[in-house]
Undergrad: 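Pasting a structure below so you can have a look.
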There are 2 protein chains.
Amino acid sequence: MKKDDHKLKEYEHKFKEHKLTPQRKAILQVFLENHGGHLSAEEILKYAQEKNNDIGFATVYRALDLFEKLKIINRVNFGDGRSRYELVQREMKHHHHHLVCMNCQRIIEVMDSLLHELEENIEEEHNFSIYDHRLEFYGYCEDCQEGED
Amino acid sequence: MKKDDHKLKEYEHKFKEHKLTPQRKAILQVFLENHGGHLSAEEILKYAQEKNNDIGFATVYRALDLFEKLKIINRVNFGDGRSRYELVQREMKHHHHHLVCMNCQRIIEVMDSLLHELEENIEEEHNFSIYDHRLEFYGYCEDCQEGED
DNA sequence: GTCGCTGCAAAGCTTTTGCATTAGA
DNA sequence: TCTAATGCAAAAGCTTTGCAGCGAC
């Protein structure tokens, strides 16, 4: 899609010392298309193969490592035994959390700036210099609150 | 140790429908002795074997599953590819987070009630019924701030 | 031609499972 | 006795690595 090609350009400058190969491009496009966000390596491979059949698991994992290093994506962990990956979104940086539904596994994103206050408290009280955080809330989403056991 | 034996008694009532076998007792004692907290399965096995040599990985994992179900321990994940486990501490419940030092991997616990306000906001705005949360801050601890790259 | 990137397959880790055996109540 | 719990070893994920081949510059 033209729209994603345009978005892709915004990332090209990050690949100065690394090649933006067809495989890497395909993987990046998967993120830009945002298939529900929070993709596992397996899902990323599946979608990337739809674009470029000549791609394997090793390449996906190696690309994910690279993208993480280039701060294009973030690795997140919802405790289901596999890593998941999401595009770093500038405007969300440091201000977005996850609501994980314990019934339907749906993941809802939440914007927040309130945490900033807490971070400042911590930096002061513990002399700990905060670089990033992970915050997930576990509970039941709108649709699942009746079945809550 | 006498002190831990006493602590152990506080957990016996949770084992009504499950047996508090010597193996499970050894594992529970490992948590009560709190070897730096946030133990991995491997560490738990190691310490438990010091008490009772007749214990294997399968038993550790099965006990950890059980303890989690009985709300004796919590499984936490710091993104290092293995699960870690910590004792549920009543007075800390819902109010403790982790500071993970990105240099020395040290983990510091932080008490907090500020997050409660944020939870209330979220429950209202997103109609999401919160049951638990995980919050980790990544950064550099007191001792590692100079080496910060 | 060089050097980075790739696929494939093998290996590595953590965790789970099958099964025969043991041991608690 | 009866069933839950255990150890061992095998298997099952997910992820990483070795290696030979490929491709861009």
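Please read these numbers as outputs of a predicted model, since none were measured by experiment. Proteins come first, then strands; the chains are lettered A, B, ... in the order of their sequence lines, and each starts at number 1.
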Undergrad: Between Glu33(A) and Lys51(A) (salt bridge meaning N to carboxylate O under 4.0 Å), is one present in this structure?
TA: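 Looking at Glu33(A) and Lys51(A), the cut-off is met.
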
Undergrad: Anything under 3.5 Å between a protein N or O and an N or O of nucleotides 1-5 of chain C, put it in a table, one pair a line.
TA:
| residue | atom | partner | partner atom | Å |
| --- | --- | --- | --- | --- |
| dC5(C) | OP1 | Lys19(A) | N | 3.1 |
| dC5(C) | OP1 | Arg24(A) | NH1 | 2.9 |

Undergrad: How about Tyr11(A) and Leu20(A): do any of their side-chain heavy atoms sit closer than 4.5 Å?
TA: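 Counting from C-beta outward, Tyr11(A) and Leu20(A) never come under 4.5 Å.
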
Undergrad: Ile55(B) has an atom CD1; how far is it from atom C1' of dT22(C), in whole Å?
TA: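 About 15 Å, once rounded to whole Å.
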
Undergrad: Please report, rounded to the nearest Å, how far the P atom of dA23(C) is from the CG atom of Asn52(B).
TA: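 Whole-Å distance recorded here is 12 Å.
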
Undergrad: Counting C-beta onward and ignoring hydrogens, is there a side-chain heavy-atom pair between Phe128(B) and Val110(A) closer than 4.5 Å?
TA: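 No, too far: nothing below the 4.5 Å cut-off.
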
Undergrad: Between C1' on dA23(C) and NZ on Lys25(B), what's the gap in Å once rounded to a whole number?
TA: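 Distance check: Lys25(B) NZ to dA23(C) C1' gives 14 Å.
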
Undergrad: Is there side-chain contact between Leu87(B) and Ile72(B), with heavy atoms separated by less than 4.5 Å?
TA: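 When only atoms from C-beta onward are counted, Ile72(B) and Leu87(B) do touch, with a gap below 4.5 Å.
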
Undergrad: Write down the distance between CG (Leu64(A)) and P (dT15(D)), rounded to a whole number of angstrom.
TA: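 Checked: the CG to P distance equals 9 Å.
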
Undergrad: Please report the distance, rounded to the nearest Å, between CG in Asp54(A) and C1' in dG21(D).
TA: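 So the CG-C1' distance, Asp54(A) to dG21(D), works out to 12 Å.
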
Undergrad: From the list dG18(D), dG24(C), dT17(C), which nucleotide is the closest neighbour of the side chain of Arg62(B)?
TA: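 Taking heavy atoms from C-beta onward, the closest nucleotide is dT17(C).
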
Undergrad: Do Leu99(A) and Glu123(B) have side chains that get closer than 4.5 Å, going by heavy atoms?
TA: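 Side chain of Leu99(A) against side chain of Glu123(B), heavy atoms only: no contact under 4.5 Å found.
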
Undergrad: Quickly work out the Leu20(A) CG to dG23(D) P distance and round it to whole Å.
TA: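 Nearest whole value for this atom pair: 17 Å.
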
Undergrad: Only counting residues at least two apart or in another chain, list the ones meeting ring-ring contact (aromatic ring centres under 6.0 Å, His included) with Phe67(A).
TA: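 Phe15(A).
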
Undergrad: Within this structure, what is the CD1-to-C1' distance between Ile27(A) and dT6(C), rounded to whole angstrom?
TA: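 Result: 11 Å.
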
Undergrad: Can you find a pair of side-chain heavy atoms, one from Leu64(A) and one from Phe31(A), that are under 4.5 Å apart?
TA: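 Yes, side chains in contact.
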
Undergrad: Pairing donors with acceptors under 3.5 angstrom, does anything connect the side chains of His133(A) and His97(B)?
TA: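 No, no side-chain donor-acceptor contact under 3.5 Å.
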
Undergrad: Where do N or O atoms of nucleotides 14-16 of chain C meet protein N or O atoms at under 3.5 Å, pair by pair?
TA:
| residue | atom | partner | partner atom | Å |
| --- | --- | --- | --- | --- |
| dT14(C) | OP1 | Arg82(B) | NH2 | 2.8 |
| dT15(C) | OP1 | Ser83(B) | N | 2.8 |
| dT15(C) | OP1 | Ser83(B) | OG | 3.4 |
| dT15(C) | OP2 | Tyr61(B) | OH | 2.3 |
| dT15(C) | O5' | Tyr61(B) | OH | 3.1 |

Undergrad: Separation of Asn53(A) atom CG from dT6(C) atom C1', in whole Å?
TA: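 It works out to 14 Å between those atoms.
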
Undergrad: Could you check whether any side-chain heavy atom of Glu86(A) comes within less than 4.5 Å of a side-chain heavy atom of His98(A), counting everything from C-beta outward?
TA: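 In contact.
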
